[in-house]
K.L.:
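Attaching a single structure in structure tokens format; questions to follow.
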Amino acid sequence: MNFKLASVVLLFANSIAFAQDVSPKMQLPDWANKQLDGLSKQESIEVNSRINPFVWSGNFLGAGKVDLAVLVKDSKSNKEGIVFLSHGKAKPVIVGAGHAIGNGGDDFSWLELWYVEDKGSQPHSYHSKSVKLQNDGIVVAKEGSASGLIYLKSGKAVWQQQGD
């Protein structure tokens, strides 16, 4: 019995030792990879898995289909950001990674946490009038510091400062 248990443990340990990491890009659906491939011909961006999760799904563009928000990095400048990918015909939208937006700037390397803010919510802003979201948005934050809401309006990214 001890021999059988030892064999199972060794077999399990061996499979773990030879397990390969699945690249972040391979974890995305085909339609998202096609958009990222097309975008990488114009921009030097790559998927960035520095934060888990590195991708969120939501209805960011309001077309009623699943869209993705993916962490990315500009491979030339190492500036980090987010790309919104549409499951429809809309063009990808990049914030950060060399594309400045509001107080978030053009490099989101400060980003420590992010999450989806649901359509219909009205997140409070200390700096401007609160907005009722027509589509899902993304809250980006540095713990114990600033945060912002990013949402798409008519295919363009909008920044609303949430806190300092």
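All values reported here derive from a predicted model rather than from experimental measurement.
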K.L.:
Ignoring hydrogens and geometry, is there a side-chain-to-backbone donor-acceptor pair from Asp136 to Asp118 under 3.5 Å?
P.N.:
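Such a contact is absent between Asp136 side chain and Asp118 backbone.
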K.L.:
Can you give the donor-acceptor pairs under 3.5 Å from side chains of residues 88-101 to other protein atoms, not counting sequence neighbours?
P.N.:
{"from": "His99", "atom 1": "NE2", "to": "Glu43", "atom 2": "OE1", "distance (Å)": "3.0"}
{"from": "His99", "atom 1": "NE2", "to": "Glu43", "atom 2": "OE2", "distance (Å)": "3.4"}

K.L.:
Rounded to the nearest 0.5 Å, how far does CG of Leu61 lie from CG of Leu85?
P.N.:
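Leu85 atom CG to Leu61 atom CG measures 9.5 Å (nearest 0.5 Å).
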K.L.:
Do Ile138 and Glu117 make a side-chain contact, defined as non-hydrogen atoms from C-beta onward lying under 4.5 Å apart?
P.N.:
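Not touching, per the 4.5 Å side-chain cut-off.
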K.L.:
Within the 4.5 Å heavy-atom criterion, are Trp114 and Ile150 side-chain neighbours or not?
P.N.:
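The answer is no; the side chains never approach within 4.5 Å.
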K.L.:
Could you tell me the separation between the CG atom of Leu149 and the CD atom of Gln162, rounded to the nearest 0.5 Å?
P.N.:
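One gets 5.0 Å once the value is rounded to the nearest 0.5 Å.
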K.L.:
Check Leu36 against Ile45 and note the closest heavy-atom contact, atom names and distance.
P.N.:
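Looks like CD2-CD1, 4.2 Å.
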K.L.:
Taking the side chain from Asn59 and the backbone from Ala63, do they hold a donor-acceptor pair closer than 3.5 Å?
P.N.:
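Flag set: sc Asn59 to bb Ala63 pair under 3.5 Å.
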K.L.:
More than 12 heavy atoms of other residues, nucleotides or ligands under 6.0 Å from CG of Asp30: is that the case?
P.N.:
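No, CG of Asp30 has 12 or fewer neighbouring heavy atoms, counting only those of other groups under 6.0 Å.
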K.L.:
With sequence neighbours excluded, give me every ring-ring contact (aromatic ring centres under 6.0 Å, His included) pair touching residues 61-93.
P.N.:
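The answer is Trp31-His87, Phe60-Phe84.
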K.L.:
Once you round to the nearest 0.5 Å, how far does CG of Leu28 lie from OG of Ser57?
P.N.:
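Output value for this atom pair is 11.0 Å.
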K.L.:
Near Gln42 CD, under 6.0 Å, is it more than 12 heavy atoms from other residues, nucleotides or ligands?
P.N.:
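It does: Gln42 CD has more than 12 such atoms within range.
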K.L.:
Run through Leu152, Asp67, Leu68, Val66 and flag the one making a side chain to side chain contact (heavy atoms under 4.5 Å, CB included) with Ser86.
P.N.:
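Only one of Leu152, Asp67, Leu68, Val66 forms a side chain to side chain contact (heavy atoms under 4.5 Å, CB included) with Ser86, namely Asp67.
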K.L.:
Just do the side-chain contact (heavy atoms from CB on, under 4.5 Å) check on Leu39 and Val72 with the steps written out, would you?
P.N.:
CA-CA 12 Å; Leu39 188 59; Val72 293; over 6 Å; no
K.L.:
Could you tell me whether a side-chain N or O of Glu46 sits under 3.5 Å from a main-chain N or O of Ser44, the two making a donor and an acceptor?
P.N.:
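Judged by distance alone, no pair lies under 3.5 Å.
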K.L.:
Quick one, Gln160 and Val131 - any side-chain contact, counting heavy atoms below 4.5 Å?
P.N.:
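SC-SC contact between Gln160 and Val131 confirmed.
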K.L.:
State, yes or no, whether a side-chain contact exists between Trp159 and Asn103 at a heavy-atom distance under 4.5 Å.
P.N.:
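Yes, side chains in contact.
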K.L.:
Give the minimum heavy-atom separation between Phe54 and Gln27, together with the two atoms involved.
P.N.:
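The answer is CE2-OE1, 3.8 Å.
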K.L.:
Using a strict cut-off of less than 4.0 Å between a Lys/Arg side-chain nitrogen and an Asp/Glu carboxylate oxygen, indicate whether Lys142 and Glu112 qualify as a salt bridge.
P.N.:
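Salt bridge between Lys142 and Glu112, a charged N being under 4.0 Å from a carboxylate O: yes.
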K.L.:
Which value, rounded to the nearest 0.5 Å, describes the distance between Phe108 atom CZ and Asn48 atom CG?
P.N.:
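Those atoms lie 12.5 Å apart.
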K.L.:
Do Ile82 and Leu71 touch side chain to side chain, with heavy atoms closer than 4.5 Å?
P.N.:
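They are in side-chain contact.
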K.L.:
Measuring from atom NZ of Lys119 to atom CD of Gln134, what distance do you get when rounded to the nearest 0.5 angstrom?
P.N.:
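Spacing of NZ (Lys119) from CD (Gln134) equals 7.5 Å.
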